[in-house]
Amino acid sequence: MATALLLGLSGCTDDAKPRTTSASALPAKPVPGNATSSGPAEHIGGETVTRAPEPGDGTAVLQVASQRGNVALPLTKKVGTGRLAIHVNCQGRGTLTVSVSPIGVSFPLACVDHEVSSTYNEIHLKRPRSEATIHVTASSAVHWALTAEQ
């Protein structure tokens with residue numbers, strides 16, 4: 001039985017209210033709270049890094065797949081108020097970190113060999129942004145895919 005996993009968020013600004021949950025809880029609403037520790041990665045059957053995760057109940061504003069290492073992904077559309085959700089899958093030994101600028105939110109995901117680890121995080125924005133970038137930091141040994149939706 002899969003259990004919800006809260007991941008630590010750091011660098012939250014006062015206008016972003018983070019919510020985190022594991023991908024196993026999708027499409028249910030995420031667990032509220034500001035977690036201070038992270039646990040083991042959630043391994044979800046059927047998830048892959050060769051295609052971007054499917055959007056939940058929003059519209060995809062960014063989808064990437066089959067990536068390795070560090071990447072800066074500018075969002076080409078204005079980021080509105082409300083929910084910005086990020087679903088990440090990874091495989092390979094190491095830690096992948098996602099950060100969103102200029103919002104100032106980041107979260108880690110522990111990745112392992114031979115299994116796909118997955119996380120889903122929501123940020124609730126009080127004001128729109130004309131520009132935003134999602135930064136992924138990972139070693140070249142970590143293969144990953146990401147979907148951001150609003």
Side-chain angles (χ1 to χ4, degrees), residues 4-27 29-44 47-80 82-113 115-126 128-129 131-150:
L5 167 70
L6 293 175
L7 296 178
L9 293 176
S10 62
C12 297
T13 63
D14 59 358
D15 90 322
K17 294 180 183 175
R19 292 177 172 226
T20 66
T21 186
S22 69
S24 64
L26 294 176
K29 295 297 178 191
V31 178
N34 292 323
T36 57
S37 63
S38 57
E42 187 78 24
H43 306 291
I44 310 299
E47 291 292 334
T48 182
V49 294
T50 59
R51 67 179 184 279
E54 291 296 320
D57 58 358
T59 301
V61 294
L62 175 70
Q63 290 189 288
V64 295
S66 296
Q67 298 289 310
R68 289 188 183 272
N70 302 334
V71 178
L73 304 163
L75 298 178
T76 58
K77 295 169 62 175
K78 181 179 175 179
V79 179
R83 179 180 70 101
L84 175 63
I86 302 172
H87 183 166
V88 183
N89 293 336
C90 68
Q91 186 174 25
R93 188 176 194 145
T95 299
L96 176 143
T97 302
V98 176
S99 61
V100 184
S101 64
I103 298 164
V105 172
S106 67
F107 58 90
L109 176 59
C111 309
V112 297
D113 286 332
E115 290 187 48
V116 175
S117 301
S118 193
T119 190
Y120 176 88
N121 290 276
E122 285 187 0
I123 305 158
H124 290 267
L125 303 173
K126 290 183 179 179
R129 304 297 197 293
E131 296 180 0
T133 302
I134 296 175
H135 300 271
V136 177
T137 305
S139 74
S140 61
V142 174
H143 194 193
W144 56 271
L146 177 145
T147 294
E149 65 180 274
Q150 194 162 41

ask   = Measuring from L73:CG to T133:OG1, what's the distance to the nearest 0.5 Å?
value = 8.5 Å
query = Only one of L146, I134, V71 clears side-chain contact (heavy atoms from CB on, under 4.5 Å) with V64; which?
reply = L146
key: Expected output: side-chain N89 to main-chain A145 donor-acceptor under 3.5 Å   = no
Shortest non-hydrogen contact from A132 toward P102 = CA-CD, 4.0 Å
query = CG of L125 to CZ of R83: how many Å apart, nearest 0.5 Å?
reply = 11.0 Å
task = Enter the distance from L84:CG to I123:CD1 here, rounded to the nearest 0.5 Å.
result = 5.0 Å
remark   = Residues passing the side chain to side chain donor-acceptor pair (under 3.5 Å) test with Q150, sequence neighbours excluded, are none
ask   = Shortest non-hydrogen contact from W144 to G69?
value = NE1-O, 3.1 Å
key: Heavy-atom closest contact (R93 atom, S139 atom, distance)   = O-OG, 4.0 Å
key: Gap between atom CD of Q91 and atom OG1 of T48 - 0.5 Å precision   = 7.5 Å
query = Should Q67 and L96 count as side-chain neighbours, where that means a heavy-atom distance under 4.5 Å?
reply = no
query = In chain order, what residues pass the side chain to side chain donor-acceptor pair (under 3.5 Å) check against Q63, with sequence neighbours excluded?
reply = T147
ask   = Do the non-hydrogen side-chain atoms of E131 and P74 ever get within less than 4.5 Å of each other?
value = no
request  = Mark yes or no for whether E149, through its side chain, and G58, through its backbone, hold a donor-acceptor pair below 3.5 Å.
outcome  = yes
